There are 2 protein chains.
Amino acid sequence: MSETTEPSDDKYPLRSVGRALDVLQALGAGSGNGMSVGEIAEAIGVSRSTAFTLLQTMVARGFVADTRIGGARLYRLGLTLVHLGDRAVAEMGITQIATPILQQLTDATQLTSRLAVLDDGYAVAIGRVDAPGPFRMTASLGRRELPHCSSVGKSLLARLPSEQVMAILTRLGMPRRTEHTLTSQAALIADLRETAARGYAFDNEEDNIGVVCVGAAVYDRTGDAVAAISVTCMKLGRSEDDLHQLGSAVRAYADRISLLLGGPAHSALPPLA
Amino acid sequence: MSETTEPSDDKYPLRSVGRALDVLQALGAGSGNGMSVGEIAEAIGVSRSTAFTLLQTMVARGFVADTRIGGARLYRLGLTLVHLGDRAVAEMGITQIATPILQQLTDATQLTSRLAVLDDGYAVAIGRVDAPGPFRMTASLGRRELPHCSSVGKSLLARLPSEQVMAILTRLGMPRRTEHTLTSQAALIADLRETAARGYAFDNEEDNIGVVCVGAAVYDRTGDAVAAISVTCMKLGRSEDDLHQLGSAVRAYADRISLLLGGPAHSALPPLA
DNA sequence: GATAATGTTCGGCTATGCAGAACAACGTTC
DNA sequence: GAACGTTGTTCTGCATAGCCGAACATTATC
């Protein structure tokens, strides 16, 4: 997985600020073993001295941590970011309510479960309970994921008016991730209709071969889908029936969260506008 | 809790970057309901137009999220920060190993448990498992906390050579937080000696009246205290004996994490240098 | 010990980012 | 419903903050 951090064409008002953010994203995309000044400079396309100055200011504030190792310095993401990320999640409110239910869902299914919201059209996970055991299924938080090949994305899109869905899909595109990815708006909207009817969504190897996710939406007082939850598992040896059974289980847990928010269960939803 | 975000005397190389980071910290310290351009401008001490430009660049990158509400705009922390915070924690490695044990500790004690490391002398939580029930004991992640009045802080300091401890204490100061806070280096070092001997540390209403924490250090292959765990509870009606019993329980769970890291249990530690 | 590969500092030119004021879009009040 | 106040947004010009390249310092490598 060689993610290249593109120097994000600085057409933004504040160049130095943009570059500072580039540094953070480069460190976030990096191998995790830290980066040297030179590496960072190259990654964001500036001179070493510029990168150095950027890093200095961010280290002073705890946004970047540095560790000297002999004459060299390695830079990594600082813990201030942990704090801000935690605050950002806390401000969303849903997380505290949902996490215990996610834990129950993971206990019941032995699968990694996630909580996600729609952000600017993207599906973004804001909570997670890892499956027991050393399985290390990469479930990162806060990363923007395309909604058309994600169970939480589809759960959330399913309750949106189709003009809005089409606007989002047009804006973000529907790139093919696997041979099962739905790449036409018509196909996806048909899938969303089914999803809305049954109350749970599938990602059937549409994002990664061999991996399936099952998601269901969470509704607040106003009946809007404000979030979605999902579980992730291996396709290997699971029948259609198994997946549908999993689906109604996930939907049941989602309904429990909706209940805590004062929202309706899926079965009590008003029809789509 | 009226935390004022001081405009952090811009004596840093890059002014605009420093201000951008100020904006993030202001949003993090804010009420959580979002802030307007004007509020932010005032908080960090710049003109409205400057704040506006700063916000624009950060919104474009997802570091800040904006929500229009009528003609007004409210800014809050963006989800990109969640991603970076998650990456920062993931890069520390310990978290994945420790979290299941923290969960067990919380299950066994019904108390909120935390995992923390020493960062620049400060104690910083990087993992947390909340107690069941709606108790809302504020346990924020990633915030720098003074080590002299924290059970995790004291657990970590206890295994450091006393010159280093004194250097840290001198640098950070030992402000009085409650009537029980240890405010002299001599008193704290005596406490640390006891802590090192028994393998668990107390914060006995030293940070907040009515709240006690019990912590224990986690050791890696090299025998260094790389992290510490703790539980937090109300003082109300707990005897000395109860707390010591809790202490040896926390120590036992910390030892389990050390074991997973290939490090020694507390009882197998070499004597201090 | 010489060479290479870093990290760090310096200085000068330029473009950048700053503030303040003008403009626009709302909400509010009488 | 019109005048006002408030807040978000754009504009413009000047000063300086920030960028690069090159020199210097430091540490690994052979």
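Only a predicted model underlies this, so the values are computations on that prediction, with no experimental measurement involved. So you know, we letter chains A, B, ... as the sequences are listed, proteins then strands, and number each from 1.
Looking at heavy-atom distances under 4.0 Å, B:S16 makes contact with sugar-phosphate atoms alone, never a base. Among the atoms of the strands shown, only primed sugar atoms or phosphate atoms (P, OP1, OP2) are found under 4.0 Å from some heavy atom of B:S36.
Between the side chain of A:R15 and the base of C:dG17 there is no donor-acceptor pair of N/O atoms closer than 3.5 Å.
Summarising the geometry, the separation between CD1 on A:I44 and C1' on D:dC19 is reported as 12 Å, rounded to the nearest angstrom. As rounded to whole Å, 15 Å separates atom C1' of D:dT7 from atom CG of B:D66. Look at CG on A:D22: it is 16 Å from P on D:dG18, rounded to the nearest Å. Distance CG (A:L55) to P (C:dT6): 16 Å, rounded to an integer number of Å. To the nearest angstrom, C1' of D:dG18 lies 10 Å from CG of A:L54. Whole-Å rounding puts the A:F52 CZ to D:dA22 C1' distance at 16 Å. In this entry the distance linking CD1 of A:I69 with C1' of C:dA5 reads 16 Å, nearest Å.
In this structure, the side chains of A:Y219 and A:L261 stay at 4.5 Å or more apart for every pair of heavy atoms. Put simply, the side chain of A:I229 reaches to within 4.5 Å of the side chain of A:V218, judged on heavy atoms.
At a cut-off of 3.5 Å, with distance as the only test, no side-chain donor of B:T50 or B:T53 sits close to an acceptor on the other residue. For the 3.5 Å distance criterion, the side chains of A:Q185 and A:T170 qualify, holding a donor opposite an acceptor.
Of the two residues contacting DNA chain C, namely A:V17 and A:A72, the nearest-nucleotide position lying further toward the 5' end is that of A:A72. Of the two residues contacting DNA chain D, namely A:R48 and B:M35, the nearest-nucleotide position lying further toward the 5' end is that of B:M35.
Contact annotation: B:R73 does not reach the phosphate of D:dT6 (side-chain N/O to OP1 or OP2, under 4.0 Å). Regarding contacts with the backbone of C:dC18, a side-chain N or O of B:R19 is found under 4.0 angstrom from either OP1 or OP2. For D:dT9, the OP1/OP2 oxygens have a side-chain nitrogen or oxygen of B:R68 closer than 4.0 Å.
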| task | With side-chain contact (heavy atoms from CB on, under 4.5 Å) as the test, would you mind laying out the steps for B:H148 and B:L157 before giving the verdict? | result | CA-CA 9 Å; B:H148 74 289; B:L157 291 184; 5.7 Å; no
Might you work through the side-chain contact (heavy atoms from CB on, under 4.5 Å) test for B:V59 and B:Y75, ending with a clear yes or no? CA-CA 9 Å; B:V59 167; B:Y75 294 94; 3.9 Å; yes
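Note on the helix from C:dG1-D:dC30 to C:dC30-D:dG1: angle between the axes of the first and last five pairs equals 40°, rounded to 10 degrees.
Listed candidates were D:dC20, C:dT9, C:dC18. Nearest to the side chain of A:L14 is C:dC18. Here C:dC10 is the nucleotide among D:dT9, D:dT10, C:dC10 with the atom lying nearest to any side-chain atom of A:S49.
Shown are B:V82, B:L79, B:V89; of these, the side chain to side chain contact (heavy atoms under 4.5 Å, CB included) with A:L141 is made only by B:V82.
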